[in-house]
Amino acid sequence: MLADSILEGLNPEQRRAVETTEGPLLVLAGAGSGKTRVLTSRIAYLIGACGIPAESILGVTFTNKAAGEMRERVEKLLGPSAGGLWLSTFHSMCVRILRRDIGALERARGFVIYDDADSLGICKQVLKRHRLDPRQYDPKKLRWRIDEWKNQGLLPAAAAAQASDIDDELSAELYGTYQRLLFDANALDFGDLLLQTVELFKRAPQVLAHYQRRWQYILVDEYQDTNRVQYDLVRLLGDAHGNLCVVGDPDQSVYAWRGADIRNILDFEKDYPRAKSIKLERNYRSTQPILSGATAVVQNNLGRKKKNMFTEREGGDLIHFFEAQDEREEASFVIGHILHGTRNEDKSLGDYAILYRTNSQSRAFEEELLKYDLPYTVVGGVRFYERAEIKDILCYLRLLVNPDDAQALARIVNKPARGIGKTTLDRAYELSAEREISLRAALAAFASEGAAKRTANKIREFLDMMNDLERFAERPVDEAISETLERSGYMKALVSEDNPDAEVRIDNLRELVSSAEDFHSVNAEVQDEDRTELELYLDQVALISDLDNYEHKPQSVSLMTAHSAKGLEYATVFLVGMEEGVFPHASSSYDEERLEEERRLCYVGMTRAMEKLFMTCARERRRFGSHSYQSPSRFLREVPEELMQVQSSAARGRSPRRERPVRRSREDRLDRTYTQESYDEGDGVRPGMRVRHSVFGVGSIEAVVGDGLNQKLKIKFDRAGIKTVMVRYANLEPA
DNA sequence: GACGCCGGGTTTTTT
DNA sequence: ACCCGGCGTC
């Protein structure tokens, strides 16, 4: 009875994916094939039809939003019997496990979670300890390398063993120091959350056994985006019973740069010989031209698992293509179309999404939207919890929970200014390294030993204040925040600044307090046996992404990167900035594997559209403050001509300067290669040309080196001599 | 120790 | 064009 209602409306493949409950199962779910529906129905089926207790089921996703949506849909199918079901991201799952069991690794349970900025700060500290010049050894690169290792499941010793050259050996050594500093601060970074959980399972079999017993059925969403550690986690948890269902689409694997290994999904059947596999190839989302166009693009990837997507949504518009003169015209074309649709075609703003390759591209569209007073929502970019003032207060809170948090301490010790500056902090760092004590202890030691009386008093005052604040660690989180704002003098300092910028920040802090009030009222009843509300709050804040807060508003245009758009759908999608160097991104242009990932990303972007898909490019674009000229993206050429419709220039909202009124055919438009990075449209840079540089004055080009984004010019300046400049940055004019 | 100027890097995507 | 960190000055 219940089983019937759960299975109702599923197509035969979906049904099979739901009913095949035992053993390993691979569900290859193409874009728009009802993947989430299958996952939620499957969970509901396990509980409602098979009688599996909800607490025996683990569902893992990549975003909190996806987890939340799934929970909602399962509850809709089953009602409250879904309580006890674990649905979470890999990261929050690991936090929960570690909070309970990290003691088995001889670590304290009160650890804090370090975000990217904190990690980078630690990297800088590492370089300092090794007396390396951060200009010579880039802390960002170190951060990147460490993250790579962590994604592969390698701790410092293993990394050192694998290091192939002297450079990498040094990095591995620095990685060791990095881990040491994290340990001293009782902190874990994002990568650690996963890696230490694997470590825990390996070193404490009884802990692993506990979770293996608990979770009899495991489901993993977006399996194509799992990295090595996530693979290991799934493997460890699932091996006991083998009831592992993974769902994914190799064509939508777009996170290799974050360590995702597409082989995890491609090799699933090898890894789990008993595995069954089901393909979901019926697309419920897009019209025929959109699906065919997207498929045609992604088919250019080699070594791809064959999939035959089909849709019954025959007819519909062809894919629209528009080539703008520059990014402003591109924006005005897009917004013009939206205005037309909402005024004349009964569309609402929520039907539209603007998708781009990089966050920085949102700007032109935002300006245009503002011009017409159209509400819009930007996903990504600067996150609320990363804004300086928010982060400052969160660092205070972190210190209430974990006094050893060195990053947090360093950040706020002089915010607001209280006379404890760089010199003092440096001394504290040195003491901390010498005596192997926490930064806070070192600061206290400095106050009673080396510091001048004035400084010593200021340090003591600060430490007393912090000790006093600690009483609020057990209080409701909104109280803790309000008290912190007062006692620290942070609010007072902002108020006395008395400028518009400070006002914005005050508003943000008020928003923080009110969101904390919400958190408090929601969590008031949910008493965790041994975690304070503040601790729970900090965990949540650390793991929340901008996307998680995104809600699709019916009266607001959505703007986001193609990455962020994965899993979402819109009636009309504008996939903008379709130019070589932008999409595919320049940094991926010379590597076949990375190009294929760009192509998959393009596929993801295109398949977000249900009814209308616009792909646009601009001939000219301002980047880094200077002009650049790009040719249309190769991906545009990969869309079959008969599926594409060129938007005529008559559709343009305003009249651009059009030096050539000649109507070119589509092929002409797409095949035309513009001279990249020239300073005057259409003309290439050639030796002998006279140019003007804003700093060096007039000179003549001696040589042209390379092309594309990295093109350099050797110029003999009349007064400044011979210089090599990057065209991209030089802002040259003809002279 | 605080403030202000200069120079360099920046724009790949994020849990 | 913009932001941030570093360095010099007060």
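Every chain is numbered from 1 and lettered A, B, ... according to where its sequence line falls, protein lines coming before strand lines. Nothing here was measured: the structure is a model prediction, and the numbers come from that model.
A heavy-atom distance below 4.5 Å is found between the side chains of A/Ser119 and A/Tyr178. Residues A/Val297 and A/Tyr603 form no side-chain contact, since every pair of their non-hydrogen atoms from C-beta on lies 4.5 Å or further apart. Within the 4.5 Å cutoff, the side chain of A/Thr197 has no heavy atoms near those of the A/His91 side chain. Considering only heavy atoms from C-beta on, A/Trp144 stays 4.5 Å or farther from A/Trp149 through its side chain. Between A/Arg96 and A/Arg100, every side-chain heavy-atom pair lies at or beyond the 4.5 Å cut-off.
OP1 or OP2 of B/dT15 has not a single side-chain nitrogen or oxygen of A/His91 nearer than 4.0 Å. Remark: A/Ser564 is in phosphate contact with B/dT14, judged by side-chain N or O atoms under 4.0 Å from OP1 or OP2. Phosphate contact (OP1/OP2 of B/dT13, side-chain N/O of A/Asn359, threshold under 4.0 Å): present. The side chain of A/Thr89 contributes no N or O atom lying less than 4.0 Å from OP1 or OP2 of B/dT15. Checking the phosphate oxygens (OP1, OP2) of B/dT11, no side-chain nitrogen or oxygen of A/Ser587 falls inside 4.0 Å. For A/Asn414 and B/dA2, the shortest distance from a side-chain N or O to OP1 or OP2 is below 4.0 Å. Close to B/dT15, at under 4.0 Å from its OP1 or OP2, lies no side-chain N or O of A/Thr63. Residue A/Thr424 places at least one side-chain N or O closer than 4.0 Å to OP1 or OP2 of B/dG1.
Place A/Leu547 and A/Arg454 on DNA chain B by their nearest nucleotides, and A/Arg454 ends up nearer the 5' end.
Using a 4.0 Å heavy-atom cutoff across all strands shown, A/Phe190 reaches at least one base atom of the nucleic acid. Residue-level contact check: A/Ser92 touches neither bases nor backbone, having no heavy atom under 4.0 Å from any strand. Using a 4.0 Å heavy-atom cutoff across all strands shown, A/Tyr255 reaches sugar-phosphate atoms only and no base atom. Residue contacts for A/Ala562: at a heavy-atom cut-off of 4.0 Å it reaches no nucleic acid atom on any strand shown.
Rounded to whole angstrom, the span from the CG atom of A/Asp116 across to the P atom of B/dT14 amounts to 11 Å. Rounded to whole angstrom, the span from the CD atom of A/Glu327 across to the C1' atom of C/dA1 amounts to 12 Å. Note: CD1 (A/Ile459) to C1' (B/dG1) measures 13 Å, nearest angstrom. Separating the CZ atom of A/Arg623 from the C1' atom of B/dT12 is a distance of 10 Å, rounded to the nearest angstrom. With rounding to whole Å, A/Asn64 atom CG is found 15 Å from B/dT14 atom P. One interatomic measurement links the two molecules: NZ of A/Lys422 to P of C/dG8, which rounds to 12 Å at whole-angstrom precision. As rounded to whole Å, 13 Å separates atom P of B/dT13 from atom CG of A/Asp546. Taking atom CZ on A/Phe62 and atom P on B/dT15, their separation rounds to 11 Å, with Å as the unit.
Across B/dT11, C/dA1, B/dT15, the shortest atom-to-atom separation from the side chain of A/His585 is found for B/dT11. Among C/dC2, B/dT14, B/dA2, the nucleotide with an atom closest to any side-chain atom of A/Arg363 is C/dC2. Listed candidates were B/dT15, B/dT11, B/dT13. Nearest to the side chain of A/Thr561 is B/dT13.
Stacking of A/Arg99 on the aromatic ring of A/Phe111 is recorded, both the 6.0 Å distance cut-off and the 45° axial limit being met.
Donor-acceptor pairing under 3.5 Å, judged by distance alone, is present between the side chain of A/Arg594 and the base of B/dT12. Side-chain N/O atoms of A/Trp257 and base N/O atoms of B/dT12 include no donor-acceptor pair closer than 3.5 Å. One donor-acceptor pair, N or O on each side, does fall under 3.5 Å between the base of B/dT13 and the side chain of A/Arg357.
Remark: A/Glu593 CD is loosely packed, at most 12 non-hydrogen atoms of other residues, nucleotides or ligands lying under 6.0 Å away.
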